[in-house]
Amino acid sequence: MSRFDLIIQNGTVVTASDTIRCDVGVKDGRISSLAEHLTDAEHVVDAEGMFVLPGGIDAHVHLDEPPFYGILLNDSFETGTKAAAHGGTTTIISFAQQQKGRSLRDTVSEYHTKASDKAVVDYGFHIILSDPNEQVTSEEIPALVDEGYTSYKCFMTYDGYLDDGQILRTLEVARRERAMVMIHAENEHCIRHVAKRFVDAGQTSLDYFPKMAPMCVEREGTHRAISMSELIDVPILLVHVSGREAMDQIRWGQDRGLKIYGETCPQYLLLTDEVYKKQGWEAAKYLFAPPPRDTQNPDALWRGIATGIFQVISSDHNAFQFDSPSGKKAEGPEPHFRKVAPGIPGVEARLALVFSEGVSRGRIDINTFVATTATNPAKIYGLYPRKGTIAVGADADIAIWDPEMRRTITHDLLHEDVDFTPYEGTEIKGWPIKVFSRGDLIVSDGNYVGEEGRGRFLRRDRVNIHPPQGSPLRDN
Ligand code: MN
Ligand code: MN
């Protein structure tokens, strides 16, 4: 019997903190040795000239959820996780969305049925709270945290938004149970007010979409969330932060010593509100909430990543079809900014976009890339050190990257089950050529070569973060 099942040799191994030339030895699905000149394996892969990175973790993925704006997401757990794997992502955390009046227990069992035997990479579930009633906060959440559902998402916007009292009760149970609360921070009342003025004036084309939710609407929600986090004395994570004004609020909270975490997404780093100059339906390919901001904004967000304000970069993958009566055009024939489903696909291109625009262009170093796309989400969501790093004992979730490979992103290149990509034509430098999950080669030179349905549910740990000081509730 060989000492290793797999050796990846001659590559440059990168973690969130170090860049080292060494071989990686894998046994029984885990990394068992990091050393020079390893020998004695069933399989040897030469990674000369390549980066050997932890497989990506995409902590914000929507798959197989109920209709939104009347239409369904197209990706299943099978197609969505295969697309993730092609892009170098070996773990996703997707959402189990509570329908109003439904128990969380029923909700998670429904999503297990959707995912099991279909997902090809490992997965966990965040639970979207639509109805955090007494039963949910006092009984269901404590039981579910115990079983590995350690993060909960609250919306401040959309029809199913939670009011501040509901969010405060959620933060309280999260503090007690050491769970993470993710907040979509936009002020629903501001959006409704502005949108109504536009609609009343007959201004309904898609370029009104960003205008109904400008940066101040996100800034206010972000500040309110931070204040509630301080009051309850519990960490929170602001999801898909789009603008520098919300980012400045996060930095303000962090400077006060509060445990405020921030996530941003490639769409805010690459796209701007110039996309809404596209005429007719074309702009629907770029409709997502919050919207992308002005042309100065991406540089500000990159600096926020480089300086540690943002810990996480996720895709917020929402695979709505574009040119289909069951897709964004469902409400046709004319596009209307309040009727087109917001959301775009991105689970496959996320890593390449951030690698190319960030690392290859010198905006962030490769260790920051690994930290924000793998290690930090693992730490924040209770998966570390099993996932998100290259270390002895960790799962052998590894992507081998060719930093010189050039590709042009087109819809045809991608495996997402959707009819467009908002990144069509984007030139990329740096691409994952081989992807391993628990030691299994699952993607090789553009082909999925793993078994079907091999992904496993991840029971995640409680949040291991010391809470901040100073809340009036601290000793309760
Ligand atoms: Mn959201
Ligand atoms: Mn989302």
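What you see is a predicted model; the values in this text were computed from it and never measured. Values below: all heavy atoms of this structure, side chains included; hydrogens, waters and symmetry mates excluded. Order of listing sets the numbers, starting from 1, for every ligand and every atom in it.
Taking the Mn ion (ligand 1) as reference, H184 places its N/O/S atom ND1 nearest. Within D316, the N/O/S atom positioned nearest the Mn ion (ligand 2) carries the name OD1. Within H60, the N, O or S atom lying nearest to the Mn ion (ligand 2) carries the name NE2.
Ring geometry, F125 versus Y111: the interplanar angle exceeds 60°, so the pair is classed perpendicular (tilted spans 30 to 60°). Below 30°, between 30° and 60°, or above 60°: for F320 and F68 the angle between ring planes is below 30°, a parallel geometry.
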Candidate pair R244 and D248, rule salt bridge (Lys or Arg N to Asp or Glu O under 4.0 Å), full reasoning: CA-CA 6 Å; R244 60 183 176 276; D248 289 344; over 6 Å; no

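Between Y286 and F420, a ring centre-to-centre spacing not shorter than 6.0 Å is recorded.
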